[in-house]
Amino acid sequence: MEKKRCDCTALPKGWKMEEVTRKSGLSAGKSDVYYFSPSGKKFRSKPQLARYLGNQMDLSSFDFRTGKMLMSKLNKNRQRLRYDNNNQNKGKPDLNTSLPVRQTASIFKQPVTKVTNHPNNKVKTDPQKAVDQPRQLFWEKKLSGLNAFDIAEELVKTMELPKGLQGVGPGCTDKTLLSAIASALHTSAAPITGQLSAAVEKNPGVWLNTTQPLCKAFIVTDEDIRKQEELVYSVRKRLEEALMADMLAHVEEAASDGEALKEDGNGSEDMESV
């Protein structure tokens, strides 16, 4: 860090101004300004400085970054003060002739007519506010520790992610990453590409794209698509075989029930003939 300290002529005698410039790190090149009282007390912000000085000095026109009084603000404050003093001296007559009425809400229900097609009605909307909603960083961590169980209350085995999918951010496990990708697929219509910025690995809190899951950038190749198609085909084949076996079992069960009813009917006829 590089420090520069000098006298601040805008403040009372003995006050010092110090400018500290960072030389390395993510905030390299940025500078902070501090002020020191004659007794050596350090002040980091303008509100602290104003509370300490109190009524000794008006800091409304004081620029904390440069340590100077802004003449434009100073002239405006003087004009505003002069205008307020003149208006107070003149006084304003009360021209309101309406009778005093107690301004409280009525406790009785009153009919209200809602007019929506009036030509002067204009609804102002902010499209930027409607589109860009704030998102909480690392909200996917809330999904950690959640497990799926089948009807027999046995733990369902989780999927195994490909080696190309690697998580980023603090405490990002494979289960959390799988939940984050599934949530992104269901809540967003945009393609899932992962975190495209390489700087996210150094500081995820600054360079994280909240619209993408907590994983490094990846590319889906033709080989990955072919393997997925083969997996889907094999699962569908097993499902078809299971459904066919279940249907044949139902047919055999129905046939055996029919034969049993037929034998019971023949037996009852023989008993009646006897």
Side-chain angles (χ1 to χ4, degrees), residues 24-30 114 116 121-251:
S24 61
L26 295 175
S27 58
K30 295 184 178 180
K114 183 179 180 181
T116 58
N121 286 350
K122 293 182 180 180
V123 180
K124 295 182 180 180
T125 58
D126 189 358
Q128 188 72 14
K129 185 180 294 184
V131 174
D132 297 337
Q133 295 294 335
R135 289 174 175 265
Q136 184 181 12
L137 289 178
F138 311 118
W139 66 268
E140 291 87 352
K141 293 179 65 177
K142 297 179 181 178
L143 304 175
S144 61
L146 300 179
N147 298 311
F149 296 87
D150 58 9
I151 192 172
E153 297 185 358
E154 295 183 359
L155 182 64
V156 178
K157 185 180 179 181
T158 58
M159 296 173 55
E160 294 183 359
L161 294 174
K163 297 181 180 180
L165 289 177
Q166 299 179 3
V168 294
C172 185
T173 61
D174 291 343
K175 290 184 177 181
T176 306
L177 179 57
L178 177 60
S179 302
I181 294 176
S183 301
L185 291 172
H186 284 83
T187 58
S188 175
I192 306 302
T193 59
Q195 302 295 327
L196 299 178
S197 175
V200 71
E201 300 180 18
K202 298 180 180 179
N203 196 336
V206 176
W207 304 105
L208 185 68
N209 183 6
T210 56
T211 60
Q212 293 292 332
L214 300 175
C215 63
K216 297 180 181 179
F218 60 91
I219 299 176
V220 180
T221 61
D222 295 338
E223 182 68 17
D224 296 332
I225 297 175
R226 186 184 60 80
K227 290 181 179 179
Q228 187 66 22
E229 289 178 348
E230 292 178 355
L231 179 62
V232 172
Y233 177 77
S234 62
V235 172
R236 288 181 176 177
K237 190 68 175 177
R238 284 187 293 168
L239 179 61
E240 181 182 358
E241 293 174 356
L243 292 176
M244 183 62 69
D246 184 68
M247 184 180 65
L248 294 176
H250 280 291
V251 171

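One finds the CG atom of Leu185 at 5.0 Å from the CD1 atom of Ile192 (value rounded to the nearest 0.5 Å). In this structure, Thr221 OG1 and Lys227 NZ are separated by 8.0 Å, a value rounded to the nearest 0.5 Å. Once rounded to the nearest 0.5 Å, the distance linking CG of Leu214 with CD1 of Ile181 reads 9.5 Å. Remark: Arg226 CZ to Gln228 CD distance equals 12.0 Å, nearest 0.5 Å.
The shortest non-hydrogen separation linking Gln195 to Gln212 is NE2-O, 3.3 Å. Closest approach of Val168 and Lys216 over heavy atoms only: CG1-CG, 3.4 Å. Between Asp224 and Ile219, the shortest heavy-atom distance links the atoms OD2-O, 4.0 Å.
In this structure, Asp246 places its CG atom where more than 12 heavy-atom neighbours from other residues, nucleotides or ligands lie under 6.0 Å away. Other residues, nucleotides and ligands place more than 12 heavy atoms under 6.0 Å from the CG atom of Leu239.
Of the possible donor and acceptor atoms, none in the side chain of Glu154 sits under 3.5 Å from a partner among the backbone N and O of Phe149.
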